[in-house]
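Just follow the structure's listing: the first ligand is 1, and inside any ligand the first atom is 1. Hydrogens, waters and symmetry mates are skipped; everything else that's a heavy atom, side chains included, is used.
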Amino acid sequence: MTNIRAAITAVGGYVPDYVLTNKELETMVDTTDDWITSRTGIKERRILKGERGSTEMAKEAVEQLLNKRGIGPEEIDLVIYCSVTPDLIFPASANILSDKVGMVNAFGYDLNAACSGFIYGLTTGSKFIETGVYKKVLVVGADKMSSIIDYTDRATCIIFGDGAGAVLLEPDDSGNGVMDAILRSDGAGREFLYQKSGGSQRPPTEETVKNREHYVYQEGKTVFKFAVSKMADVSYEVMERNKLTGEDIAWLVPHQANLRIIDATANRMGLSTEKVMINIQKYGNTTNGTIPLCLHEWENQLKKGDNLILSAFGGGFTWGAVYLRWAYDGA
Ligand code: UT7
């Protein structure tokens, strides 16, 4: 084993301009700003209008990242595109994005682990760096959730929004970078949060479209019950395994699905709210976008050596937590 770790050396983020507020949702479905705010913590979310896929947002995030790092797109070796809303079922959006940005020397692939996709991507991407095979790995989390949301279903349309974030992984031998990760999945949970048709099991037909099966279906209460315990448990487990206490943690970077799930996770870890990145009120649940968008927003406050725990829970079920030591002074 070498002592090379994969460090995040740059971040980028993008959300579309259109703001869909709780007030506007009140005019679309039978709901209230009060209900949404108290049950989820969300006040508004962003929507990408027009015939544009998730790679359009990812492109903005990646170009910003490359600019900040001062490198060209041709220097990227590998692109991992984490999304449940790729532009097309195939070819992979990693390819489409590489073409749009000019990452001509990169290969890439799409990764689907629902809301846990970004931490799965970060963990697998870090292995290519640790082995010394690649020097610059881009992990993108991008979702245009509005493309698969039923805006007549009040139980799901209030939660999700669109957005994208990206991080660059590079080798680090100074003790910073991705330190540990615990990733889990349980396919028995697949029927509680999924898209009923569109895949090979049930390809789209006039009937599936009429039944609105191409939209997200969620049994919210069941998902909530699992999310609240699994995300808190795995975050605590990764701390314990690395002998960390709440005192040692600078930031919790949680997937933004529901403020109550975030609070439960922070409580379990013994963290006060000031140490938790929360922007769910502005963006809702952007699925793969949530965690990199938080890193992007808090970048200026991050310091070299800060201990971060990233954790998520999502459809599948999938969940996990990553422990990483931040590698540069954000300011
Ligand atoms: O990121 C991927 C993982 N996803 C999650 O982590 C989401 C987890 N689930 C949740 O966050 C919550 O379950 C929701 C926010 C989706 C729903 O909150 P809840 O407290 O679990 O509500 P519920 O589904 O149990 O519904 C309670 C009541 C129901 O009415 P009755 O049957 O008690 O009369 C719903 O019909 O609230 C009603 N309801 C609404 N009322 C006003 C459901 N959605 C709405 C709404 N506005 N938008």
Margin query: Under 4.5 Å between side-chain heavy atoms, counting indirect links through other Ile/Leu/Val/Met/Phe/Trp/Tyr residues: same cluster for F118 and I159 or not?
Written below: no
Margin query: Checking a contact table here: which protein heavy atom is nearest atom 5 (C) of ligand 1, and how many Å away?
Written below: V223 CG1, 3.6 Å
Check: To the nearest 0.5 Å, how far apart are CG in N285 and CD1 in I42?
Finding: 7.0 Å
Next item on the list: For I159, counting its heavy atoms only, list the atoms of ligand 1 lying under 4.0 Å from any of them.
Entry: 16 (C)
Next item on the list: Would you check, one step at a time, whether the test salt bridge (charged side-chain N to carboxylate O under 4.0 Å, His left out) holds for K59 with E63?
Entry: CA-CA 6 Å; K59 177 176 180 284; E63 287 180 343; 3.5 Å; yes
Next item on the list: Out of F224, F192, F317, F160, indicate the one that has the non-hydrogen atom closest to atom 8 (C) of ligand 1.
Entry: F224
Next item on the list: Would you mind listing which atoms of ligand 1 come within a distance below 4.0 Å of any non-hydrogen atom of A257?
Entry: 1 (O), 5 (C), 6 (O)
Notebook entry, point to check: Hey, is atom 1 (O) of ligand 1 under 4.0 Å from any protein heavy atom?
Noted result: yes
Next item on the list: Would you mind checking which non-hydrogen protein atom is closest to atom 10 (C) of ligand 1, with the distance to 0.1 Å?
Entry: N258 ND2, 3.6 Å
Margin query: To check your reading of the model: name the closest protein heavy atom to atom 22 (O) of ligand 1, its residue, and the distance in Å.
Written below: W35 CZ2, 3.9 Å
Next item on the list: Within a distance under 4.0 Å of any heavy atom of N285, pick out the atoms of ligand 1 and give their elements.
Entry: 1 (O), 2 (C)
Note to self: Over 60° means perpendicular and under 30° means parallel, so tell me whether Y134 and F128 are parallel, tilted or perpendicular.
What the structure shows: tilted
Notebook entry, point to check: To which protein heavy atom is atom 9 (N) of ligand 1 closest, and what is the distance rounded to 0.1 Å?
Noted result: G220 O, 3.1 Å
Note to self: Quick check on contacts: which atoms of ligand 1 are under 4.0 angstrom from a heavy atom of R260?
What the structure shows: 18 (O), 20 (O)
Check: Does R45 count as lying over the ring of Y283, i.e. NZ or CZ under 6.0 Å from the six-ring centre, within 45 degrees of the axis?
Finding: no
Check: What atoms of ligand 1 come within less than 4.0 Å of a heavy atom belonging to R39?
Finding: 20 (O)
Note to self: Once ring pair (Phe, Tyr, Trp, His ring centres under 6.0 Å) is applied, do any residues pair with Y151, and if so which ones, sequence neighbours excluded?
What the structure shows: none
Checklist line | Residues forming a ring pair (Phe, Tyr, Trp, His ring centres under 6.0 Å) with Y328, sequence neighbours excluded | finding: W326
Item checked: Location of contacts on V29 toward ligand 1, heavy atoms closer than 4.0 Å -> neither
Checklist line | Ion pair R268/D233, N-O distance below 4.0 Å | finding: yes
Margin query: Starting from atom 29 (C) of ligand 1, what is the nearest protein heavy atom, named by residue and atom, and what distance separates them?
Written below: R154 NH2, 4.7 Å
Check: Is atom 13 (O) of ligand 1 less than 4.0 angstrom from at least one protein heavy atom?
Finding: yes
Check: Could any protein non-hydrogen atom be found less than 4.0 Å from atom 31 (P) of ligand 1?
Finding: no
Next item on the list: State, to 0.1 Å, how close P171 and I4 come at their nearest heavy-atom pair, and which atoms those are.
Entry: CB-CG2, 3.8 Å
Item checked: Nearest-neighbour protein heavy atom for atom 21 (O) of ligand 1, which is reported as residue plus atom name and distance -> K221 CG, 3.9 Å
Next item on the list: Report, in ascending order of atom number, the atoms of ligand 1 lying under 4.0 Å from any heavy atom of T40.
Entry: 15 (C)
Check: Taking the six-membered ring of F313, is NZ or CZ of K230 closer than 6.0 Å to its centre and within 45° of its axis?
Finding: no
Check: In the protein, what heavy atom is nearest to atom 7 (C) of ligand 1, and what distance, to one decimal place, separates them?
Finding: Q218 OE1, 3.5 Å
Item checked: K210/E207 ion pair, N-O < 4.0 Å -> no
Next item on the list: List every atom of ligand 1 that sits less than 4.0 Å from any heavy atom of C115, numbering the atoms from 1 in the order shown and giving each element.
Entry: 1 (O), 2 (C)
Check: Is the shortest side-chain N to carboxylate O distance from E170 to R69 below 4.0 Å?
Finding: yes
Note to self: With a 4.0 Å cut-off on heavy atoms, is I158 in contact with ligand 1?
What the structure shows: yes
Next item on the list: Provide the number and element of each atom of ligand 1 under 4.0 Å from a heavy atom of T31.
Entry: 42 (C), 46 (C), 47 (N), 48 (N)
